[in-house]
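See below for the structure under consideration.
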Amino acid sequence: MDLVLCHTTADFDTLGAAVGLARLRPGCRIVLTGGCHPTVQRFLALHRDEYPLIERRSVDPSQIARLTLVDAQQRDRFGPADDWITQAEHNQVPIEIYDHHPTSAETVQAQETTIEAVGAATTLVVESLQKAKIEPSVAEATVMALGIHVDTGSLLYEGATARDASALAWLMAHGASLSIIADFVEPGLSPTLQGLLTEAMASLQVEAVGGHTLAWVLLRVDGYVPGLSGLAERLISLADADGLLFGAYYAAKEEADAAGLSDRDLSDPAMGLQKLTLIGRARGRVSDRLDWGTVLTALGGGGHAAAASASVTTEDPLGTVQEVMAAVRSHLPHQPIARDLMSSPVRTIRPDTTIHEAQRILLRYGHSGLSVVDEGDRLVGIISRRDLDLALHHGFSHAPVKGYMATNLKTITPDTPLTDIEHLMVTYDIGRLPVLHQGALVGIVTRTDLLRHLHQGQPSPSLEPARLNPPAAITLRQTLGASLSPVLQGILRQITAAAEERGWHLYLVGGAVRDLLICTDPVAAALPDLDLVVDGFFSTAQVGAGVDLATVVKERFPEVDLQIHGRFQTASLVWRKELDHPLAGLMIDIATARTEFYPYPAANPEVEASSIQQDLYRRDFTVNALALRLTNPGAGQLLDYFGGLIDLRQGTIRVLHANSFIEDPTRIYRAVRFAVRLGFSLDAQTEGYIHHAIASGAYSQMQHQMRRAPALQVRLKNELKYILEAPYWESALALLDQLGALRCLHSELTMTPALWQQLRRLSRWAKHFDWPELGPPWLLRLQGLLAAIPAGLRSPLAAHLQLPDRAIERLTNLDQWEQQWQALVATKPSPSQLYAALNQADMPTHLLISARHPRQLGPTLWRYLIQWAPTAPLIDGDRLKTLGYRPGPRFRPMLETLFAAQLDGAIATQADAIAFLEQHYPQR
């Protein structure tokens with residue numbers, strides 16, 4: 001017997017998924033393990049005969065050949081059928097699970113699982129039907145469509161995905177009845193429920209937590225009341241609350257009578273216990289922060305973040321409700337305040353600044369407005385881009401901004417909560433709110449800042465669920481802790497505590513956060529280096545913040561090197577590799593949050609102190625513009641203002657700024673490196689920006705700038721090194737070639753078949769010989785790449801890339817060596833003559849020329865490398881002395897002549913060599 005089990009108090013999702021599986025596997029039967037929702041019960045009263053349902057009491061457990069659990073994974077969700085599951089596990093009967101909830105420790109051990117983060121379990125079954133090309137009947141399509149509608153709130157719940165919409169569209173195409181769906185998706189309230197609604201509204205408790213409105217109510221009822229979930233939906237809407245906990249209780253004995261259960265089915269049938277039903281609901285943005293599913297699963301219930309329920313037996317219903325509300329408050333993160341949103345420092349101008357100059361500043365920094373302050377730096381007005389455009393349109397570019405600025409200003413403080421900020425912007429249609437602290441302008445919150453916080457990292461409805469789910473703060477903290485050694489964890493705690501004492505926020509930023517989110521194994525996510533950023537808010541100690549925090553670590557670990565760089569005193573803590581220390585080889589960078597702009601393409605950026613938002617905004621790609629807050633409040637919070645988490649899910653490298661590749665063409669190489677290394681693809685728009693940058697001549701601009709910009713030289717060299725030393729170097733070069741990005745090195749450089757062969761030969765030989773003289777393989781590959789450009793340009797480019805002097809000299813003389821050796825080989829010289837010529841160059845030169853001329857010079861060079869170069873002379877200087885020869889100028893020509901004769905085969909043994917000496921160099 002093949003059975004599909006619906007969880008107790010079956011809803012439309014578990015029923016719809018079960019019906020779909022019965023269609024997928026003809027002959028299997030559906031078991032409702034313990035009651036239904038009232039609407040489901042009403043539906044089945046009309047449609048039961050259209051589905052292969054079987055009574056639980058009609059099942060012979062010994063005949064079960066296969067079990068499939070739908071819309072749940074915990075055995076206690078299947079009531080009395082738990083015994084069947086246990087027996088199936090014991091008898092090794094196949095068990096399969098279809099579910100869209102996250103797994104837990106109590107999950108049934110199944111041989112097959114389909115568990116994915118979609119809005120409804122029915123969606124997963126529909127996709128299986130589509131894959132098998134099995135079409136449902138109208139009745140089957142209708143109940144499956146009901147399952148998706150109800151569990152996704154008709155695609156309005158936060159957990160709804162594009163896959164749910166696609167499955168629903170497919171079911172509609174197969175005849176799902178819209179009239180039946182409409183009847184059961186929004187059922188009316190019965191007279192009993194209407195009375196309870198009136199009572200609930202009268203006793204509803206409402207409170208504000210972290211800027212959100214939470215409500216709860218507890219009612220005593222006479223017995224089991226069907227339809228309470230519909231009542232909770234209606235109640236949260238009428239109360240205009242973000243989250244609601246609805247509780248209803250009655251004597252536990254009454255439950256047994258209402259459900260037709262025996263006393264044995266109750267954990268304790270004593271009359272003093274109360275049966276408490278808890279229903280949690282959330283709506284709007286709070287559903288991203290408040291997870292009812294997690295809270296109520298701890299009580300044996302289940303559900304989603306926005307809708308969940310649980311039934312418990314308790315002596316104190318009110319105490320239980322209060323405990324749940326306490327858990328909800330602890331799960332709900334602190335609401336962001338202006339300090340968390342604002343951009344700082346603020347770009348300001350004086351009232352007498354001209355319209356033309358103000359417009360120039362806007363364009364330079366990419367702002368949408370400017371704050372106007374007087375001589376005492378007191379805020380007197382704000383001028384927007386719209387104001388400037390209007391003045392310029394009327395020809396007043398010479399006029400001062402004081403005539404056009406807004407002076408009736410709404411301002412906020414650093415502690416103004418997000419909800420108040422949003423209210424001000426919506427009510428007064430304000431695009432920017434100045435942040436004042438003790439009368440001083442310390443920051444500004446714009447619409448963009450607000451929207452980034454409201455929507456940061458939210459999953460797009462069009463995305464397929466992928467390798468990671470949106471991480472909670474506690475999950476990220478746990479993952480970070482698991483990826484760090486105990487010693488490093490202690491250091492990070494020490495730095496974090498020091499930042500909190502000073503009133504600063506500390507963030508882990510960039511690639512370390514990206515790798516934490518990608519890697520499913522925390523141990524495998526071990527972070528080699530850490531980049532930390534200090535956001536000092538509006539503190540005057542910002543500039544030295546990194547050094548201040550690094551000094552705390554230096555005092556504890558005197559062996560660590562403390563290095564300080566740049567105007568903003570970025571501190572680097574370096575544990576040298578030669579140290580006998582568990583952190584040997586580690587580097588921790590601690591920088592102050594900053595912003596930057598490029599005065600012209602390919603220039604070095606100009607840097608100014610700023611906030612964490614703007615610090616992330618200056619970075620290259622969305623997946624690198626992520627930050628993990630380490631300090632309280634909000635420790636473990638992920639900052640994702642640019643959709644980096646979404647791009648990680650999609651496997652996409654997306655650049656932050658349209659002109660990014662023009663400002664710094666080396667970012668083209670970084671984009672390719674990250675894409676190939678992570679197995680990602682370039683976003684279509686990003687690829688378009690790359691083509692535009694190359695077509696605009698950014699590569700030639702970069703070549704010009706490299707002559708006087710050492711920092712640009714280092715950046716390009718490092719990118720080439722990272723690519724050419726990686727195991728994926730071939731894929732990266734292929735993508736660079738496809739994009740035309742090798743033109744950044746030379747306008748005509750492309751990866752021809754001949755060049756590919758040369759680089760692959762060099763790689764094989766470098767691995768084969770493994771001689772220290774060859775240097776690192778990446779450097780040999782880079783020389784092979786540079787050797788493909790015209791001879792006169794090789795050494796200048798190698799010098800700009802700051803290659804070693806030997807490499808520059810090698811590339812300079814490469815053509816000369818090739819011509820000399822080709823001419824010599826054409827004369828068919830003796831081995832000794834070839835050796836004398838070839839021995840003047842080093843090993844990397846031999847490999848480069850052999851790779852470039854495999855047929856003309858390759859065999860000769862290989863004979864030199866394999867046979868002649870390793871040959872040891874039969875007689876050396878010490879042996880000449882023992883033979884009676886007096887040391888002097890004659891020794892060198894004697895030994896060279898002897899070795900030449902040995903290479904040419906004239907002598908083969910020491911005796912031959914001694915005879916040769918007696919013949920050609922007799923002793924007097």
Side-chain angles (χ1 to χ4, degrees), residues 338-339 341-414 416 421 424-425 428-450 536-540 542-543 567-568 592-601 603-611 613-615 617-618 657-659 663:
R339 178 179 294 153
L341 279 67
M342 70 185 190
S343 300
S344 176
V346 184
R347 195 78 53 194
T348 60
I349 56 175
R350 300 294 187 200
D352 294 330
T353 304
T354 65
I355 295 291
H356 172 75
E357 178 63 14
Q359 177 77 350
R360 190 188 68 81
I361 294 172
L362 275 189
L363 292 175
R364 176 176 183 177
Y365 292 101
H367 294 339
S368 60
L370 293 170
S371 299
V372 185
V373 297
D374 60 16
E375 296 297 330
D377 288 333
R378 292 181 295 271
L379 181 69
V380 295
I382 287 182
I383 189 161
S384 68
R385 185 189 302 275
R386 186 167 47 189
D387 300 328
L388 293 173
D389 289 341
L390 183 64
L392 289 170
H393 174 73
H394 291 291
F396 293 106
S397 62
H398 61 284
V401 296
K402 61 184 177 183
Y404 293 86
M405 67 186 186
T407 56
N408 184 19
L409 304 178
K410 299 292 182 183
T411 63
I412 55 178
T413 70
T416 302
I421 295 171
L424 284 171
M425 286 188 172
Y428 298 102
D429 190 22
I430 300 172
R432 55 198 59 78
L433 287 168
V435 184
L436 302 182
H437 177 65
Q438 297 177 353
L441 180 64
V442 296
I444 193 162
V445 176
T446 67
R447 286 194 184 100
T448 302
D449 296 326
L450 179 68
F537 308 139
F538 40 88
S539 165
T540 56
Q542 283 190 85
V543 172
R567 169 188 163 198
F568 289 95
T592 301
R594 72 217 28 215
T595 186
E596 64 184 24
F597 65 91
Y598 291 78
Y600 50 85
N604 290 325
E606 296 184 13
V607 183
E608 297 177 356
S610 186
S611 63
Q613 292 96 326
Q614 290 174 299
D615 189 274
Y617 186 64
R618 72 183 178 86
H657 315 291
N659 293 324
E663 292 176 339

Could you walk me through whether Val435 and Ile444 pass the side-chain contact (heavy atoms from CB on, under 4.5 Å) check?
-> CA-CA 5 Å; Val435 184; Ile444 193 162; 5.5 Å; no
Full working for side-chain contact (heavy atoms from CB on, under 4.5 Å) between Gln359 and Asp389 = CA-CA 8 Å; Gln359 177 77 350; Asp389 289 341; 3.8 Å; yes
Pair Leu424-Ile412, side-chain contact (heavy atoms from CB on, under 4.5 Å): steps then yes or no = CA-CA 9 Å; Leu424 284 171; Ile412 55 178; 3.6 Å; yes
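Separating the CZ atom in Arg360 from the CD atom in Glu357 is a distance of 4.0 Å, to the nearest 0.5 Å. Atom CG of residue Leu409 and atom OH of residue Tyr428 lie 13.0 Å apart, to the nearest 0.5 angstrom. Note that OH of Tyr404 and CG of Leu390 are 7.5 Å apart. Values are rounded to the nearest 0.5 Å. Of the inter-residue distances, the one linking Ile430 atom CD1 with Ile421 atom CD1 reads 11.5 Å to the nearest 0.5 angstrom. For the atom pair CG (Leu392) and CZ (Arg385), the distance works out to 11.0 Å, reported to the nearest 0.5 Å. Going from atom OG1 of Thr353 over to atom CE of Met405 covers 10.5 Å, rounded to the nearest 0.5 Å.
With sequence neighbours excluded, the residues satisfying side chain to side chain donor-acceptor pair (under 3.5 Å) with Thr446 are Asp449. Shown here are the side chain to side chain donor-acceptor pair (under 3.5 Å) partners of Thr416, two or more places apart in sequence or in another chain: Thr413. Every residue meeting the ring pair (Phe, Tyr, Trp, His ring centres under 6.0 Å) condition with His657, not counting sequence neighbours, appears here in chain and number order: Tyr617. Here Lys410 pairs with nothing under the side chain to side chain donor-acceptor pair (under 3.5 Å) rule; sequence neighbours left out. In terms of the side-chain contact (heavy atoms from CB on, under 4.5 Å) criterion, residue partners of Thr348 (sequence neighbours excluded) are, by chain and number, Val346, Ser371, Val373, Leu441.
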Under 3.5 Å donor-acceptor pairs involving side-chain atoms of residues 377-384, not counting sequence neighbours:
residue : atom : partner : partner atom : Å
Asp377  : OD1  : Arg350  : NH1          : 3.2
Arg378  : NE   : Asp374  : OD2          : 3.3
Arg378  : NH2  : Asp374  : OD2          : 3.3
Ser384  : OG   : Arg386  : N            : 3.4
Ser384  : OG   : Asp387  : N            : 3.2
Ser384  : OG   : Asp387  : OD2          : 3.0

Taking only distance into account, with no hydrogens and no angle test, what donor-acceptor pairs under 3.5 Å do side-chain atoms of residues 393-403 form with protein atoms, sequence neighbours excluded?
residue : atom : partner : partner atom : Å
Lys402  : NZ   : Asp352  : OD1          : 3.2

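At least one side-chain heavy atom of Leu388 sits under 4.5 Å from a side-chain heavy atom of Leu362. Looking at heavy atoms from C-beta onward, Leu436 lies out of side-chain contact with Val442 at the 4.5 angstrom threshold.
Of all heavy-atom pairs spanning Met342 and Gly443, the tightest one is SD-CA, 3.9 Å.
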